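What follows is a short report on a single structure.
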Amino acid sequence: MENTVDKPSEEVSENPIETKPESREEMLSRHRLAGVGYHIEYMRQETAGLQKKEIELKKAAAKGSKAEQKAKKKQVEDEISRLSTSLKAKQAKELASLGYGSSEGNDRTGLDNLVMAIAGVTVTNQGERSKPTKGARRRGKRAQQEADREQRIQEEQSNLISDRMIEDEQLEKKLEPLGLSINEIKPDGHCLYRAIEDQLSSKVTYQELREMAANYMREHVNDFLPFFLSDNSNNSKFDLDSDVPLLERFEIYCKEVESTAAWGGQLELGALTQCLRKHILIFSGSFPDVEMGKEYKTDDSSIMLSYHRHAFGLGEHYNSIVPIRITRE
């Protein structure tokens, strides 16, 4: 009686691997119900099923003459290669749809993404993210600095610092004999501009003042570049971009002045003095008082600010100086 050998294709057709593919929603539902452990076990079972099928096919191909065995062995190898490729593609597609970039157990990031995907959270593979531009890095750095500063302000507002107390006392000694007091301005990075806005009775907004200062500095770049270069805080902003030309750095600085919450200082005060054609008097409890724009000084049109070096332990802060209100009984 002639020996017969089952054809690999017939054996493979019974392989549970080639069942009707489930939809992504069905797959996610299954994973959400069973968790990551079930997902890993399911993939192991699929791989084990393929390995078992390979053994069975090879055993069946080992029957018959040497010529027949050789031919059947080639058939089995081709079929196993096809099934293996198909299974890997299926698993890779499944993992990719879940945001999991690798099936290796050591891929911690990928596993985290898988967990989030199974939980219904949209994730993006790390490899698919484009490299951030210099501008994006600068904006990210600035945003982080502002967030950190705001957090420290909140922490320090509840704590009185000795340096701050001394500074406030000295400033009060200067202002009280002049019949002046401090009108507190929010310490949000816009304090210089908000203080001037307060002095101008809101005739100009703090944002408009920012834009005025930036445009004036652009139009008079040669007057401001020496001071820009001498300010170390400005230079430190470009630690990642040391190859950026000077004028381009100055333009970046001007854009930050007009479009972010970057702190204002001497450069911006100098520009605003000229823009507003106003005399500006700055009181301080830590330093000698400063006058800017003396050529515009009149009896009652000066802008009066206070400079606080130790306001919140975070650098300079400006408030508006106003006459002491006399309450009549």
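Since this is a predicted model, take the numbers as computed values, not measurements. Because only heavy atoms are used, hydrogens play no part in the values below, and waters and symmetry mates are left out as well, while side chains stay in.
Taking CZ of Phe250 as the reference point, atom CE of Met217 lies at 5.5 Å (rounded to 0.5 Å). If you take CG on Leu276 and CG on Leu200, they are separated by 6.0 Å, rounding to the nearest 0.5 Å. With rounding to the nearest 0.5 angstrom, the CE atom of Met304 is 10.5 Å from the CG atom of Asp198. Separation of atoms CD1 (Ile303) and CD1 (Ile280) is listed at 4.5 Å; rounding is to 0.5 Å. Within the model, atoms OG of Ser306 and CG of Leu171 stand 5.5 Å from one another, a figure rounded to the nearest 0.5 Å.
Legend: residues meeting ring-ring contact (aromatic ring centres under 6.0 Å, His included) with Tyr193, ordered by chain and number and at least two apart, are absent. Residues meeting the side-chain contact (heavy atoms from CB on, under 4.5 Å) test with Asp168, sequence neighbours left out: Arg164, His308. Applying the ring-ring contact (aromatic ring centres under 6.0 Å, His included) test to His190 and every residue at least two apart in sequence or in another chain returns Tyr206. Residues satisfying the side-chain contact (heavy atoms from CB on, under 4.5 Å) test with Glu176, not counting sequence neighbours, are Glu172. With sequence neighbours left out, the side-chain contact (heavy atoms from CB on, under 4.5 Å) criterion links Val290 to Ile282, Met292. The side-chain contact (heavy atoms from CB on, under 4.5 Å) search around Ser286 returns Glu167, Ser284, Arg309, His310, not counting sequence neighbours. Contacts of Asp223 classified as salt bridge (charged side-chain N to carboxylate O under 4.0 Å, His left out), with partners at least two apart in sequence or in another chain: none. Taking Thr298 as the reference, Ser301 meet the side chain to side chain donor-acceptor pair (under 3.5 Å) condition, with sequence neighbours excluded.
Residue pairs satisfying the salt bridge (charged side-chain N to carboxylate O under 4.0 Å, His left out) criterion with at least one member in residues 281-298, sequence neighbours excluded, are listed as follows: Lys174-Asp289, Glu291-Lys297. Sorted by first and then second residue, the salt bridge (charged side-chain N to carboxylate O under 4.0 Å, His left out) pairs involving residues 274-284 (not counting sequence neighbours) form an empty list. Residue pairs meeting the salt bridge (charged side-chain N to carboxylate O under 4.0 Å, His left out) criterion with at least one member in residues 204-220, sequence neighbours excluded, are Arg218-Glu251, Arg218-Glu258.
Side-chain heavy atoms closer than 4.5 Å link hydrophobic residues (I, L, V, M, F, W, Y) into clusters, and following such links, possibly through other members, connects Val257 to Leu225. Under a hydrophobic-cluster definition in which Ile, Leu, Val, Met, Phe, Trp and Tyr are linked whenever side-chain heavy atoms come within less than 4.5 Å, directly or via other members, Phe224 and Val221 are assigned to the same cluster. By the rule that hydrophobic residues join a cluster once side-chain heavy atoms approach within less than 4.5 Å of another member, Phe287 and Phe227 end up as members of one cluster.
Distance alone, capped at 3.5 Å, places no donor-acceptor pair between the Ser81 side chain and the Glu77 backbone.
Between Pro323 and Ser181 the shortest heavy-atom distance is O-OG, 4.1 Å. In this structure, Leu305 and Ala195 approach most closely via the heavy-atom pair CD2-CB, 3.7 Å.
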- Query: Could you go step by step and tell me if Trp263 and His317 meet the side chain to side chain contact (heavy atoms under 4.5 Å, CB included) rule?
  - Reply: CA-CA 8 Å; Trp263 303 348; His317 175 66; over 6 Å; no

- With side chain to side chain donor-acceptor pair (under 3.5 Å) as the test, would you mind laying out the steps for His220 and Asn222 before giving the verdict? CA-CA 6 Å; His220 301 82; Asn222 292 331; over 6 Å; no

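Here the two rings, on Tyr318 and Tyr307, have centers that are under 6.0 Å apart.
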Identify all side-chain donor-acceptor contacts of residues 266-274 below 3.5 Å with residues at least two apart in sequence or on another chain.
from: Glu268; atom 1: OE1; to: Gly265; atom 2: N; distance (Å): 2.7
from: Glu268; atom 1: OE2; to: Tyr253; atom 2: OH; distance (Å): 2.4
from: Thr273; atom 1: OG1; to: Leu269; atom 2: O; distance (Å): 2.9
from: Gln274; atom 1: OE1; to: Tyr296; atom 2: OH; distance (Å): 2.9

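Inspection of the Asn183 and Ser320 side chains reveals no N or O donor paired with an N or O acceptor under 3.5 Å.
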